[in-house]
Amino acid sequence: MTKKNFLFWLVLLCLLPGGLTAKDFQHTGSGMLVEDTATINRMLERAYLLRERNTDSALYLNNLALASARQLHYDAGICDAWLGLSRTHAILNQNELSIADTRNALRYCTHPQKKYEQEANAYLSLAFVYYYEGRYDSCAWYRYKALNLVETGSIKNLQVQLTAYSSVLQFWITVHSDIRNDAYIQNIMRHINDIEKTAIATGDSASLAEVYFRKASYYGSCGQGDSLRYYSNLTIDMAQRLKSTPSVTIASLLNSGESYLDENRPEEALAFFRRAIAEVPEKNKEQNRFYLYALFDIGDAYFQQKKYTLAIETLERALQQAQQLGHLLATDFPNHTLALAYNATGNYAKSAWHWSVYSGMRDSMTREKKMELVYNVEMKYRLADKERELAQKELSIAINENKIKIRNIWIGIILTFTTLIIVLGLLFFRNNKNKQKLQSEKIRNLHQELAIGNLQAMIAGEEKERSRIARDLHDGMGGTLAVIRTRLSNVFRKVETDNVQAQTDMTDILLLLEEASAELRKTAHNLMPEILLREGLTNATLLFCERIRKGYMLEITTEIWGEQRRLPDDLELIAYRIIQELIHNIQKHARATQALVQIVYHTSVMSVTVEDNGTGIHENNTGQNEGTGLKNIRERVTSLHGVMDISATAGKGTSIYIELPLDDTGV
């Protein structure tokens, strides 16, 4: 931190929470409590004026105002009195008392018009004290809470706005090297320039003087000494005309002197530093922070003049005083100057010791700056938009609550009655809707159960009919064909003829009978395969595919995956019929040369996949336009609560995937 930035921060503390000046009211001269708020307010303004020149009187008046405001239950006065005590204790380096005073003040920020202004002043007061204690996280938190109140438009007081923006500006000036090109700093300066225009337009000299002081510090941080001195002179002239507190004049003189030191002009700098010391109030002068900083600057000026002995004496005395006051935050530069001065005089031991102190402080300050940067940026975005909306709503409610209280009561009654009617209507409607929905669901479930039951009955009837036809063919037609073949064979052996043609014809008849018997047996087997009943779906499917492969120009690959096991008869029969139907469809329609039949046994489902490389099912033959064969298959799958998916590409084949649940079958 540069010395200019430290003075800038210190002046912000001294200015809280009021402006640069106030009317010079006469001292009451009495310890008696006052009985009207106007007198309390005048007492507080008088205490504000005395806070630097006579801290004892300032404490006395603030305590008297506090007791009087409590007697009148005047919350705004109680809050301002606590803030006045906090400000005075901070000037006396009594930081813990200052923090306690400010927290007491926050309890009384209830006045509809002054609430947010008082809260902002309290937050800024806490931020400044926490800064001096090195508690940068707390400092950043309260600094941005104050800025949030300003940015929501809740605060119209220009001086409070200016102090909030300046507190953030001080930090960003400290941590950024390229100040003029930093977007955030320039955005804050735009706000300060807007405040300057408003102050000029309204004739607010107090706010204008504060603006000049801030701009002087800004240009000093930019390295523009001429601009710093220009605005410092404006600040000093205006502060003296307004009879403002000494801190502004002293800080402006120190800033101007330091700008000459930066330009290596120590003689001109010393003139300003001596003027600054003359402005320090005599009461408790040596305990005043500004007096210490003036001594630090004078020591630097002596060093530039190569008056090393004078520099050492001045700086050692100032450091000893800072040590006694516990005010060591800005002692890094004096230690640096002392290290150089002792080195110049040949006292290398002392020089090394001060170098060590300086290095340790700079390392610590570097860490603290980084931590402060993290916390400041984090706090900027941690304050959610909801806080801003809440602040705006609270302000609006506070201003209008007296006007709308009765209306709100009636609105509440009407809304409650209306809401009750609406809720009852909604409950009645929802109850009826749920009843209708449950009834519709029951009807739909019944229809589904009836449809599935009919389908299962139809499938069972078909299987019974297949069994009957198979038995009739096997026992009836099969037996008859067997007898005819046997008798023809006997006749053929008995008849002796030289007629070669007759023998050939008889042989052809016997072959045809043999083929008819074989075809009949195969048909009967397909209608009711005994191997399915004896050995299960897997072996029956393998045998069926093997027969198709031998009897037709179709190469069938059969794959069985998973743990093979017997399933209920009805499930195995339906699955077998599905595979039969799909293979027959391939034979009849697909013009395929290759096919795949895959059965996969899972824990709770069994999947069947049948693929071919044929012409593919046309899109008009799927869905509602499916043929009889596919409809029969889909109905069988539905009867078992399964799913069926068909994927077909014209000219590239068809893939049909079927999934049948095993849990529902009791397996």
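Position 1 is the first residue of the sequence, and the numbers go up from there. No experiment lies behind these values; they were computed from the predicted model shown.
- Annotation: side chain of Met644 is not in contact with side chain of Leu660 (no heavy-atom distance under 4.5 Å).
- Nearest heavy-atom pair across Glu572 and Gly536 is OE1-CA, 3.6 Å.
- Distance OG1/Thr198 to CG/Asn193: 11.0 Å, rounded to 0.5 Å.
- The aromatic rings of Phe544 and His584 stand perpendicular to each other, their planes meeting at an angle above 60°, with 30° marking the opposite boundary.
- Using a 4.5 Å heavy-atom threshold, the side chains of Ile599 and Met606 count as touching.
- Taking CD1 of Ile548 as the reference point, atom CD1 of Ile579 lies at 12.0 Å (rounded to 0.5 Å).
- Residues Val423 and Leu426 fail the side-chain proximity criterion, which asks for heavy atoms closer than 4.5 Å.
- In this structure His589 satisfies the ring-ring contact (aromatic ring centres under 6.0 Å, His included) test with no other residue, sequence neighbours excluded.
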Show, in sequence, the C-alpha distance, side-chain angles and deciding distance for Ile646 and Leu630, and conclude whether the side-chain contact (heavy atoms from CB on, under 4.5 Å) test is met.
CA-CA 10 Å; Ile646 301 176; Leu630 285 178; 4.3 Å; yes

Any chance you could lay out the side-chain contact (heavy atoms from CB on, under 4.5 Å) test for Tyr144 and Leu147, step after step, and finish with the verdict?
CA-CA 5 Å; Tyr144 278 108; Leu147 184 61; 3.7 Å; yes

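- The shortest non-hydrogen separation linking Val597 to Cys545 is CG2-SG, 4.1 Å.
- Here the CD atom belonging to Glu196 is positioned 11.5 Å from the CG atom belonging to Leu158, to the nearest 0.5 angstrom.
- Scanning both residues, Tyr165 and Ile195, for their nearest heavy atoms gives CD1-CD1, 4.2 Å.
- In terms of heavy atoms, Arg565 sits closest to Tyr601 at NH1-CB, 3.8 Å.
- Taking 4.0 Å as the cut-off between side-chain N and carboxylate O, Glu117 and Lys156 do not count as a salt-bridged pair.
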Decide yes or no on side-chain contact (heavy atoms from CB on, under 4.5 Å) for Val637 and Val643, but give the supporting numbers first.
CA-CA 6 Å; Val637 172; Val643 294; 5.5 Å; no

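- A salt bridge links Glu119 with Lys115: the closest approach of a Lys/Arg side-chain nitrogen to an acidic carboxylate oxygen falls below 4.0 angstrom.
- Between Ile574 and Arg577 the shortest side-chain heavy-atom distance does not fall below 4.5 Å.
- Summarising the geometry, atom CG belonging to Asn121 is positioned 7.5 Å from atom CD1 belonging to Ile155; distances are rounded to the nearest 0.5 Å.
- Once rounded to the nearest 0.5 Å, the distance linking CG of Asn585 with CG of Asp612 reads 9.5 Å.
- Glu555 places none of its side-chain heavy atoms less than 4.5 Å from the side chain of Asn613.
- Looking only at side-chain heavy atoms (C-beta outward), Ile633 and Ile656 stay at 4.5 Å or farther from each other.
- Judged purely by atom type and a 3.5 angstrom limit, Ser639 uses its side chain to pair as donor or acceptor with the backbone of Arg636.
- Nearest heavy atom pair, residue Ala592 against residue Leu554, reads O-CD1, 3.6 Å.
- Under the 3.5 Å distance criterion, the side-chain polar atoms of Asn431 are left unmatched by any main-chain donor or acceptor of Leu427.
- With contacts defined as side-chain heavy-atom distances shorter than 4.5 Å, the pair Phe128/Thr163 qualifies.
- A distance of 11.0 Å separates CZ of Arg214 from CE of Met189, quoted to the nearest 0.5 Å.
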Asp569 and Leu573: CA distance, side-chain angles, deciding distance, side-chain contact (heavy atoms from CB on, under 4.5 Å) verdict
CA-CA 6 Å; Asp569 292 343; Leu573 181 59; 6.0 Å; no

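- Smallest separation of non-hydrogen atoms from Leu640 and Leu571: CD1-CD1, 3.3 Å.
- Counting only heavy atoms from C-beta outward, the side chains of Asn632 and Glu635 approach each other to under 4.5 Å.
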